[in-house]
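Written out below as structure tokens is the structure these notes cover.
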Amino acid sequence: MDTAKIEAADSPYLEVQDLVVGYENVTVVNGLSLTLQQGEIGCFLGYSGCGKTTALRAIAGLEQSRQGKVSLNNQRLTDQSKRSSFAVAPANRGMGMVFQDYALFGHLSVAKNIGFGLSKWSANDKKARILEMLELVELTEHADKRPAELSGGQQQRVALARALAPKPKLLLLDEPFSNLDVVLRESLAMSVRDILKRTNTTAILVTHDQNEAFALADKVGVMNEGKLVQWATPSELYHEPVSPFVAEFVGEGAMIDGIIKEGHVETVLGDIYRPMEVYNASGQSQYCEYDYPNGTPIKVLVRPDDIIHDDDSEQTALVVGRVFRGANYLYRLQLDDGQIVLSLVASHHNHAVGTRIGILPMLEHIVVFNEKNINATTWSDYSLS
């Protein structure tokens, strides 16, 4: 087999390397690097102003990069380096985009909106593609309506169908659900994911809502101050955050004090005896009791699902706050030394603020952080640099 074909088969479908975007003396995106395979859905997640939309626009070619490379389907789109400097025009990148406000044409019907980007297609192919897209987004019966006659969720699906109609190599979605109510967002995100998976469409979403990100994306990138802090699956972000910022941004939890003591971690919740798998420079793994020097003060990330409510437990905590969530209560619990943890408890266990409840720590996915070092250490997967 041709070596070039083998390399093409093994290479990522989308690859971004060390992308830098800025204006004058301000750097908005700093050293962004990521990969996606064909059919995968990625997401930039972060607070407003973190650079996620600028990163998306730079991949689309709508923002000029100062440095870095962008490749899609084995085609180099951008190369800002010492050896070369060029960029493929946005219109020639084969990308589709769904904007925050949908940008639908109010004077055109749903069908004509969907077919807007198909001007170079033959009449028969265009008609067939429009009907295919209408069926895909379940809007066949609304083909002749104007956007103003549709609900917000239906308008969002029209915008999605219009972007998918020309069969883009990459679909970019910029805060596509921000105009919808909270209840509709997550269900629509799952619907959009289903559509993208059925069409094997590679996509990147921008959002500040982690529920949207987790419902839709295969890979999520947490961004902070222009940098991609971690690019991983939703499960990895939750259970194996690489920094306190990611740990506190993704999901809920609390940091409690711990200290390294002769082969274990000592905390107010009890001693944690669990060896770590350590990878050395050659890639070989070995198990060790701990990597930090004895006596090192650390922070232990404890998630709500790590603290189980158990009426028969001798270990108790004081209820200092609670939030009703239908099927569950999220309790804020004060431990004996004054530290706070969270616990997610079935709502039929109704305990008032000021009472004490039994707890059973189940510390199976513990992540610890050296107070002087933001690099994360998980008890199941520890990487040495």
Side-chain angles (χ1 to χ4, degrees), residues 12 15-20 27 29-37 40-47 49-52 55 68 204-211 213-214 217-258 260 265 267 272 274-281 283-288 290-293 296-306 342 363-385:
E15 184 171 16
V16 180
Q17 297 179 336
D18 197 27
L19 192 67
V20 177
T27 299
V29 176
N30 191 358
L32 182 79
S33 295
L34 62 93
T35 61
L36 280 176
Q37 299 299 330
E40 280 192 315
I41 303 169
C43 174
F44 294 142
L45 175 66
Y47 296 117
C50 70
K52 56 188 184 294
I204 299 181
L205 164 79
V206 162
T207 183
H208 61 273
D209 187 324
Q210 61 182 274
N211 291 327
F214 288 1
D218 301 303
K219 298 284 182 63
V220 178
V222 176
M223 294 191 66
N224 184 36
E225 297 181 347
K227 293 185 177 181
L228 190 64
V229 185
Q230 186 172 2
W231 179 256
T233 67
S235 178
E236 288 168 338
L237 288 178
Y238 186 84
H239 292 298
E240 302 175 24
V242 299
S243 74
F245 176 82
V246 176
E248 294 175 356
F249 183 81
V250 175
E252 296 169 311
M255 295 281 190
I256 65 170
D257 297 327
I260 298 295
V265 176
T267 76
I272 303 169
R274 194 164 291 121
M276 294 182 288
E277 188 174 2
V278 178
Y279 294 87
N280 59 29
Q284 297 175 327
S285 65
Q286 62 184 41
Y287 284 89
C288 67
Y290 60 88
D291 186 58
Y292 296 123
T296 301
I298 60 173
K299 291 290 186 181
V300 180
L301 171 65
V302 180
R303 298 291 194 188
D305 47 309
D306 294 325
L342 303 176
L363 308 179
E364 297 296 328
H365 301 287
I366 291 303
V367 181
V368 303
F369 301 94
N370 188 327
E371 289 185 343
K372 297 180 179 179
N373 187 342
I374 66 170
N375 291 327
T377 307
T378 71
W379 293 106
S380 60
D381 182 11
Y382 177 77
S383 300
L384 285 177
S385 57

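Starting from 1, each residue takes its place in the sequence as its number. This is a predicted model, so every value here is computed, not measured.
For the atom pair Glu15 CD and Leu34 CG, the distance stands at 9.0 Å (nearest 0.5 Å). The NZ atom of Lys227 sits 12.0 Å away from atom OG of Ser33, with the distance rounded to the nearest 0.5 Å. Rounding to the nearest 0.5 Å gives a distance of 9.5 Å between CG of Leu237 and CD of Gln210. Atom-to-atom distance recorded for Gln230:CD and Met223:CE is 14.0 Å, nearest 0.5 angstrom. Note that CD1 of Ile41 and CG of Leu205 are 9.0 Å apart. Values are rounded to the nearest 0.5 Å. Atom CG of residue Asp209 and atom CG of residue Leu45 lie 8.0 Å apart, to the nearest 0.5 angstrom.
Nearest heavy-atom pair, Ala247 versus Leu301, reported as atom, atom and distance to 0.1 Å: CB-CD2, 3.7 Å. For the pair Thr267 and Ile256, the tightest heavy-atom approach, listed with the atom from each and the gap, is CB-CD1, 4.1 Å. In terms of heavy atoms, Val300 sits closest to Gly258 at CG2-CA, 4.5 Å. The heavy-atom pair separating Met255 from Glu248 by the smallest distance is CG-OE2, 4.0 Å. In this structure, Gly31 and Asp18 approach most closely via the heavy-atom pair CA-OD1, 3.2 Å. Across every non-hydrogen atom of Gly253 and Leu342, the tightest pair is N-CD1, 3.8 Å.
Gln37 places a side-chain heavy atom less than 4.5 Å from the side chain of Pro12.
Side-chain atoms of Glu40 do not come within 3.5 Å of backbone N or O of Thr35 as any donor-acceptor pair.
Between Phe44 and Trp231, the ring planes are tilted. Angles from 30° to 60° get that label.
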